[in-house]
There are 2 protein chains.
Amino acid sequence: MPNPVERLQTLLDAMPPVLAQGVRVLHLDAQVLRLGAPLALNVNDKACAFGGSLASLLTLAAWGALESALHARGIQADVYIADSELRYLAPLYGDLVAEAPVPDAEAIEALIGKLAERGRGGIVMEASARNAEGQLVTSLRGRYAAVAKR
Amino acid sequence: MPNPVERLQTLLDAMPPVLAQGVRVLHLDAQVLRLGAPLALNVNDKACAFGGSLASLLTLAAWGALESALHARGIQADVYIADSELRYLAPLYGDLVAEAPVPDAEAIEALIGKLAERGRGGIVMEASARNAEGQLVTSLRGRYAAVAKR
């Protein structure tokens, strides 16, 4: 039985575009998921982090935080992004690090209730990327849908 | 002097994460830019297009439509995404195709005026992805900033 970090890393590595971005699970506990990716694999024409790579990493961080929280409770569900708002606040000239809070017990229990009742449910997630100095460079707020596996 | 399609393809290929996604310029004229990317390089854990890859392709399509329109008018500017809203309406089980309207002459002239006056300017852009049947699967609406090169 892999630990939660190894399990999530295996899920990420199985997606070719995520593998190409060099995404690593830096930290996962009951409060937060942190993902990293090297700038060299995610750089744009202006020598800073490509907006699409930041969008991808933040989308994944929130996805992973939710997927892992459901899995930890023994729930078999596919998690999809439904919509998102991204804000790019400053260029990032270093490696990418994205953090997403794991939903609290109340939010997860509410989602699991919807899954049990209707086979699907939605939840709002957030994620953010900061530079090495701790300055917020990109934020995501998105709705995710969980769909029970048959 | 490369033609506009070759020039944009060269810009895209110079970005490692975009090269890894296999992004191709399918069409570019004064009205629209169309980009494509194979599903195999952009697939997720659910055998459909990864949301992060769609976010990336739509972000690039709107960026490329704007960057190309400025270049066609001889304007030297860096184009950055400032914020975006993405809607994922349906899973996509085929190759990715994203389309972005090129800003019309009035919008581009207004942006060029701001660049001349203040060295930078903003513009709202849109992009969308449809499946092979023409159904809208993902849409983006985003603000982009153009910054005059020194």
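Excluded from the calculations below are hydrogen atoms, water molecules and symmetry mates; all remaining heavy atoms, backbone and side chain alike, are included. Order of the sequence lines sets the chain letters (A, B, ...), proteins ahead of strands, with each chain counted from 1. Everything numeric in this text was worked out from a predicted model, so none of it was measured.
Surrounding CZ of A:Arg130 are more than 12 heavy atoms belonging to other residues, nucleotides or ligands, all under 6.0 Å away.
The minimum heavy-atom distance linking A:Leu33 with A:Val102 is given by the pair N-CG2, 4.2 Å.
Between chain B and the residues A:Ala37, A:Ser53, A:Pro16, A:Ala14, the most heavy-atom pairs under 4.5 angstrom are made by A:Pro16. Options B:Leu54, B:Asp78, B:Thr59, B:Leu140 differ in how many heavy-atom pairs under 4.5 Å they form with chain A, and the most are formed by B:Asp78. Contact count versus chain B (heavy atoms, under 4.5 Å) is highest, among A:Leu41, A:Asn44, A:Thr138, A:Leu89, for A:Leu41. The choice from B:Ala20, B:Ser84, B:Gly22, B:Gly51 that makes the most heavy-atom pairs within less than 4.5 Å of chain A is B:Ser84. Comparing B:Leu58, B:Val43, B:Leu12 by heavy-atom pairs within less than 4.5 Å of chain A, the highest count is held by B:Val43. Annotation: maximal heavy-atom pairing with chain B below 4.5 Å, among A:Pro17, A:Pro91, A:Gly52, A:Ala145, occurs at A:Pro17. With respect to chain B, the highest number of heavy-atom pairs below 4.5 Å among A:Val18, A:Asp83, A:Leu11, A:Leu19 belongs to A:Asp83.
A salt bridge links B:Glu67 with B:Arg7; the closest basic N to acidic carboxylate O contact falls under 4.0 Å.
Formation of a donor-acceptor pair under 3.5 Å by the A:Gln9 side chain with backbone atoms of A:Val25 is found in this model. A:Trp63 places no side-chain N or O within donor-acceptor distance of the main-chain N or O of A:Ile81, the cut-off being under 3.5 Å. No donor-acceptor pair under 3.5 Å is formed between the side chain of A:Lys114 and the backbone N or O of A:Ala146.
Proximity to chain A (any heavy atom under 4.5 Å) is restricted, for B:Ala55, to the side chain, taken from C-beta onward. Only the side chain of B:Leu60 comes within contact range of chain A, with at least one heavy atom under 4.5 Å from a heavy atom of that chain. Proximity to chain A is absent for every atom of B:Val23, based on heavy atoms less than 4.5 angstrom apart. Looking at B:Ala40, the atoms closer than 4.5 Å to chain A (heavy atoms on both sides) all sit in the backbone: N, CA, C or O.
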Evaluate the criterion side chain to side chain contact (heavy atoms under 4.5 Å, CB included) for residue pair A:Ser56 and A:Phe50; output intermediate values, then yes/no.
CA-CA 10 Å; A:Ser56 174; A:Phe50 169 50; over 6 Å; no

Take B:Arg141 and B:Glu126 through the test salt bridge (Lys or Arg N to Asp or Glu O under 4.0 Å) and record every step on the way to the result.
CA-CA 5 Å; B:Arg141 183 181 165 85; B:Glu126 298 194 344; 2.8 Å; yes

